[in-house]
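Reading through the structure tokens given below for one structure.
Everything quoted here is computed from the prediction, not taken from an experiment. The sequence lines fix the lettering, A, B, ..., with proteins before strands; numbering per chain opens at 1.
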Amino acid sequence: MANSFTRMISGRNTAALLASLGAGTLATGFLLSENSSLAAEAKKMLYPPSSDYPDLRKHNNCMAAALTPAIYARLRDKVTPNNWTLDQSIQTGVDNPGHPFIKTVGCVAGDEESYEVFAELFDPIIKDRHNGYDPRTMIHPTDLEASKITNGVFDEKYVLSSRVRTGRSIRGLSLPPACSRAERREVERVVVTALAGLKEDLAGHYYSLGDMTDKQQQQLIDDHFLFDKPVSPLLTCAFMGRDWPDARGIWHNNEKTFLIWVNEEDHTRVISMEKGGNMKRVFERFCRGLKQVEHLIQERGWEFMWNEHLGYILTCPSNLGTGLRAGVHVRLPKLSQDQRFSKILDHLRLQKRGTGGVDTAATGDTFDISNNDRLGKSEVELVQMLVDGVNYLIECEKKLEKGQDIKVPAPVAQFRK
Amino acid sequence: MGSDPEDCYLLFLSGVQCKKAIMPFGNTHNNFKLNYKVEEEFPDLSLHNNHMAKVLTKEMYGKIRDRQTPSGYTVDDVIQTGVDNPGHPFIMTVGCVAGDEESYEVFKELLDPIISDRHNGYKPTDKHKTDLNFENLKGGDDLDPNYVLSSRVRTGRSIKGFTLPPHNSRGERRAIEKLSVEALASLDGEFKGKYYPLKSMTDAEQEQLITDHFLFDKPVSPLLTCAGMARDWPDARGIWHNENKSFLVWVNEEDHLRVISMEQGGNMREVFKRFCVGLKRIEEIFKKHNHGFMWNEHLGYILTCPSNLGTGLRGGVHVKLPKLSTHPKFDEILTRLRLQKRGTGGVDTASVGGVFDISNADRLGSSEVEQVQLVVDGVKLMVEMEKKLEKGEAVDSMIPAQK
């Protein structure tokens, strides 16, 4: 019976005839076909959203908190212009119920349009993750004027190194979870061409992951610059490891203070760093480098993904806005033992990580301290908060060294009014 | 693609502009890629050593890259695992998977040569013979248990009307589980058993399944994870086994069903009998629900990995061959007997203490009975050779001809 239906669907005219018989008849005929997998549309009818809704009962991430069955039902069958779906966005959150140290986001964008097409899910997640920020109504400030930073040079007895990172996405190309090989190679081409135009202290060299020599690789490892194929399931379940190491690479300037990762978790990750406590200089180079790279890609007709509500668009909703993490490796042997340490960090809007990065715990008394926030405050504001916060922590440490008591500071204000 | 009859039907039914949508799941449905030239999209396979990399040329890729199966699976989906995994230390991997039954047809140009390469020159016109009549097996009940520690036969089955583990949605996977549990619940006699869903088993149950070596865990092998088979773990996955713990079914791991018959010792005949009887019973029940097994006369039983087409059968033993395994001709002997060796931890492990997992190498082009016969005869011979070597005697005269 199914075969006769299939034979009847042989042209546009007969399709009209069949449609008039009633969708039910046709669908049933199609559904009963034992001889083939169901066509995509027929499948949607046989499997309502409720049958596909993920089991999130053991989950603790932002996506699981926000994704109701009703939202899922409304969004499941939508696609972005390049066919990215909700199921693909949330796969990483379904596959990874929780993380030992941080509350993960649990979803990613496949392209710029994901944030719009799946706004019903992404908006509450953004609110949850970014202190109540509402993308529908609020405007995100961008400010890369590094000269505004004050007191940005730390006591090097405590601060061992300073670093600022962000990400940038190239508008018009899909993001790492969704990009095809050609798109990824295009990102590499666009970025590497632009970086070749950097001069003076920013002049540098690109090392393609697939083509680097053993010697180059060892040097990059020694410099702590090399990134490896992602092993974190947060990334692999979001399809970011596909086709590794095709079109992935590392660019850095000759002085090794300005570094760009190409096609890792974002199109680009831009990092400025140096040993010691001169955060002001690190941030100044960061801003200068970013502006120059932006200018160089614009010369060739490209631009970064950005809009006034979400700021810079990146793969993970946690990195929207500035995408900026400014941090130091700092020794706080006494303060870290004080039971008020976490509260102090919290009030200063800072977070601590181990010196191995986000998935590590602190060892000894050296911590990676960085800003919590990304969206709703500008780059300058966030770096200043980090600077003020770290200076405060150092003051506390010094007080404790002298046997004096410390105070928990009042919480820093949230958004601009 | 635009004037495909199915598209017309879709347009009318849904009343909206819709490109061929990607249900249930695929991670490579990026439309923009068709705007790029073939060279720009073609994967870099220069460091690769798997069947897919040997076969896939730029020209072939160009020809098939804009096709989709009816459920929306593309060639990039098929090959992703092979692109992401250039090679394996112990075995030549296939490097591609099917997302549904139709993948083997829609991507014939790619899969036929891979099938031929993997399955000893099997041609697109060849027919595969299925024989699950255990009575046709000769012997197999007298393998020396001092050497043969355990015997096991496994295969896989895919259920018609559903897409395969790399591609299926949660809804489909759950429907497969539901159907499978119903079917298994109706078994009786030596096949009476219980289903343990992965996501709700108690600690005690889990401990027991681990002790019995029954529990399968979330895949960690990148061969499987890169093919999307671990998605939504542990949703709709589970283990069913009979009370005697001699017949075991895995639901929704690498295939819809993996069916395993096993026991300690060397009575492969009994193991195979239980295997055949149990499979037939299960198949009858699925047929009654209008969801028989995927099978055709060219490829036999259709499974996710092209290496498991045909019988999907791996019949094997854990056997002690400490002396024979160090004989310079050991690998040659295995090849001639049409057998393969693995470590006792399974496909990705090396041998421990001279104990090997020895099983049939073939899957397609010979029947179940024929393949188990090779295991029975080959292991019997190798145990005899081992005994000779223990006595310090030579075994060169016993080395078999190519089967």
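A salt bridge links A:Arg181 with B:Asp76; the closest basic N to acidic carboxylate O contact falls under 4.0 Å. Between A:Asp52 and B:Arg174 there is no salt bridge, since none of the side-chain N atoms of the basic residue sits less than 4.0 Å from a carboxylate O of the acidic one.
We find the OG-CZ distance between A:Ser180 and B:Arg65 to be 9.0 Å, quoted to the nearest 0.5 Å. Between the CZ atom of A:Arg57 and the OG atom of B:Ser200 there is a distance of 8.5 Å, given to the nearest 0.5 Å. In this structure, CZ on B:Phe42 lies 11.5 Å from CG on A:Asp246, to the nearest 0.5 angstrom. To the nearest 0.5 Å, the span separating CD on B:Gln80 from CZ on A:Arg242 amounts to 5.5 Å.
In this structure, the side chains of A:Glu186 and B:Tyr36 come closer than 4.5 Å at one or more pairs of heavy atoms. The side-chain heavy atoms of A:Asp87 and B:Arg170, taken from C-beta on, include a pair separated by under 4.5 Å. Put simply, the side chain of A:Glu183 does not reach to within 4.5 Å of the side chain of B:Lys33, judged on heavy atoms.
The contact between B:Ile79 and chain A is made entirely by side chain atoms (from C-beta outward), counting heavy-atom distances below 4.5 Å. B:Ala175 touches chain A through its side chain: at least one heavy atom from C-beta onward sits under 4.5 Å away, while N, CA, C and O do not. In this structure, the portion of B:Glu39 lying under 4.5 Å from any heavy atom of chain A is its backbone and not its side chain. Using a 4.5 Å cut-off between heavy atoms, B:Asp84 contacts chain A through both its backbone and its side chain. The contact between A:Ile90 and chain B is made entirely by side chain atoms (from C-beta outward), counting heavy-atom distances below 4.5 Å. With a threshold of 4.5 angstrom between heavy atoms, B:Lys199 approaches chain A through its backbone and through its side chain.
Within a 6.0 Å sphere centred on CZ of A:Arg300, heavy atoms belonging to other residues, nucleotides or ligands number more than 12. For B:Lys108, the NZ atom is densely surrounded, since the number of other residues' heavy atoms within 6.0 Å is greater than 12.
Smallest separation of non-hydrogen atoms from B:Glu41 and A:Ala182: OE2-CB, 3.0 Å.
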